[in-house]
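Counting convention: from 1, in listed order, for ligands and their atoms alike.
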Amino acid sequence: MRHCIAIDIGGSSAKLAIASEEGRLLGKTSIATPKTKSAKPILDAFVQGTRQLRDIAHDRGIPLAGVGIGHPGFYDLDGRLRDLCNVPALNGVNLGICFQEEFRIPVVCDTDVSCGTLGEFHYGGHSKVKRFLFLTLGTGVGVGAVIDGKLARTTRNCLGDPGHIVVDPDGSLCTCGGKGCLEAVASGWAITRVAEQLVKSGRQTELEKAYASQGTISAQDVFAAASCGDGAAGEIVAGVAKWLAMGLASLCVIFEPEVIGLGGGIAAGAGDQLLNPVRDNFFRMVSPPFARGIRIISARVGPDAGLLGAAALVFFQKN
Ligand SMILES: [Zn+2]
């Protein structure tokens with residue numbers, strides 16, 4: 001059985017593990033991303049963590065087929081990272097070349113959205129699905145697609161950035177400068193913004209307590225309050241479900257997926273509380289010829305999807 005080292009770089013930390021082709025993770029560890037303006041201390045920390053895993057693999061007689069790396073943002077044709085908002089020091093860095101020089105084995109890198117999609121596709125039991133769409137709901141909204149076993153790439157070496165399709169032209173300002181993007185009305189940060197505005201408006205809601213004690217309101221607080229019958233929180237959840245369904249209904253007429261997976265920390269935490277209204281809204285909105293046979297499901301892989309997807313880059317992706 002083949003093995004590789006998988007790395008999932010996030011805003012505040014990176015997860016690393018030795019991954020088997022079957023999806024078993026060995027020696028899983030996490031490294032805090034050094035807070036610095038230059039790339040070198042960050043790369044040094046990740047390379048050091050990778051060395052330790054390589055040594056573990058070596059000691060156990062496990063040959064490594066390569067290193068797979070998932071990272072935030074995008075990358076250009078030369079493989080240099082760009083548009084990393086949460087780890088800006090890595091902009092312009094070619095991770096592939098850095099790791100290849102150090103480890104002398106194949107290194108494959110891709111975006112965290114693509115890795116999350118691949119992880120769920122290969123390790124969530126969807127690898128026979130011909131057209132698979134995956135939406136990650138976390139701080140932001142990411143969407144990836146696997147078609148005939150390969151990541152679909154339209155622009156930016158992935159599926160563009162569908163978190164910024166417009167669903168509400170009169171909606172709130174988005175971080176991208178646009179208005180009413182899916183991400184501006186249905187992401188983790190958007191849920192926080194709407195919830196805080198609600199509390200500040202004086203509306204009667206249990207969310208006041210969270211805001212008073214934490215100084216902020218998380219998406220998790222909103223789903224928890226909604227599940228306890230809080231009307232205002234329930235309205236926020238209903239809105240999020242509607243906007244997500246609308247985004248998915250639009251994407252469906254382009255990709256005609258057989259399966260749509262809903263993943264990411266917020267979707268995983270909300271479970272059926274989000275899945276059910278997304279489904280209801282989706283089938284009410286979607287163009288009927290494109291609705292046939294579509295299944296909308298909760299992600300099965302969980303928080304290691306990005307890590308497993310980074311491994312899948314090494315084992316399965318040739319493009
Ligand atoms: Zn936007």
Side-chain angles (χ1 to χ4, degrees), residues 9-12 70-76 80-88 90-92 110-117 133-145 151-198 200 216-220 222-223 235-255 257 260-267 270 274 277-278 281-282 285-286 299 306:
I9 300 175
S12 53
H71 58 77
F74 300 99
Y75 55 96
D76 64 21
R80 275 190 292 264
L81 303 187
R82 50 177 275 214
D83 303 323
L84 279 80
C85 311
N86 45 8
V87 203
L90 290 181
N91 279 316
D110 219 318
T111 68
D112 47 9
V113 174
S114 289
C115 287
T117 303
L133 194 73
F134 188 64
L135 185 144
T136 306
L137 180 60
T139 309
V141 176
V143 184
L151 280 167
R153 301 183 192 275
T154 53
T155 178
R156 300 186 172 216
N157 298 306
C158 52
L159 212 57
D161 202 353
H164 298 277
I165 55 172
V166 177
V167 290
D168 180 13
D170 300 317
S172 308
L173 263 183
C174 184
T175 50
C176 72
K179 254 184 157 186
C181 301
L182 185 55
E183 184 157 319
V185 293
S187 64
W189 66 260
I191 294 171
T192 291
R193 179 169 68 181
V194 173
E196 290 181 5
Q197 280 168 352
L198 208 83
K200 286 174 191 161
T216 183
I217 302 167
S218 67
Q220 212 179 349
V222 173
F223 282 101
E235 282 170 28
I236 299 177
V237 171
V240 168
K242 180 183 79 176
W243 299 127
L244 288 175
M246 190 164 157
L248 290 172
S250 299
L251 292 166
C252 276
V253 299
I254 303 170
F255 295 102
I260 299 172
L262 276 190
I266 292 176
L274 184 65
V278 166
N281 281 287
F282 175 85
M285 292 174 185
V286 69

Enumerate donor-acceptor pairs with a distance under 3.5 Å from any side-chain N or O in residues 189-198 to protein atoms, sequence neighbours excluded.
{"unit_1": "W189", "atom_1": "NE1", "unit_2": "E183", "atom_2": "OE2", "d": "3.3"}
{"unit_1": "W189", "atom_1": "NE1", "unit_2": "S187", "atom_2": "OG", "d": "3.3"}
{"unit_1": "T192", "atom_1": "OG1", "unit_2": "G188", "atom_2": "O", "d": "3.3"}
{"unit_1": "T192", "atom_1": "OG1", "unit_2": "I217", "atom_2": "O", "d": "2.8"}
{"unit_1": "R193", "atom_1": "NH1", "unit_2": "L173", "atom_2": "O", "d": "3.0"}
{"unit_1": "R193", "atom_1": "NH2", "unit_2": "L173", "atom_2": "O", "d": "3.0"}
{"unit_1": "R193", "atom_1": "NH2", "unit_2": "A184", "atom_2": "O", "d": "3.1"}
{"unit_1": "E196", "atom_1": "OE2", "unit_2": "T216", "atom_2": "OG1", "d": "2.7"}
{"unit_1": "E196", "atom_1": "OE2", "unit_2": "I217", "atom_2": "N", "d": "3.4"}

Practice prompt. For salt bridge (Lys or Arg N to Asp or Glu O under 4.0 Å), just list the numbers for R153 and D110, CA-CA rounded to whole Å, side-chain angles, deciding distance to a tenth of an Å, and then say yes or no.
Written response: CA-CA 11 Å; R153 301 183 192 275; D110 219 318; 2.9 Å; yes
Practice prompt. Around the Zn ion (ligand 1), list the protein N/O/S atoms within a radius below 2.8 Å, excluding water molecules.
Written response: H164 ND1, C174 SG, C176 SG, C181 SG
Worksheet item: What pairs with E235 under salt bridge (charged side-chain N to carboxylate O under 4.0 Å, His left out), at least two apart in sequence or on another chain?
Response: R203
Fill in: Heavy-atom side-chain proximity of F223 to I266 below 4.5 angstrom
yes
Discussion item. Run the side chain to side chain donor-acceptor pair (under 3.5 Å) test on T117 and S114 for me, step by step, so that the C-alpha distance in whole Å, both residues' side-chain angles and the decisive distance to 0.1 Å come before the verdict.
Written reply: CA-CA 5 Å; T117 303; S114 289; 5.9 Å; no
Discussion item. Run the salt bridge (charged side-chain N to carboxylate O under 4.0 Å, His left out) test against R156 and tell me which residues pass, sequence neighbours left out.
Written reply: D83
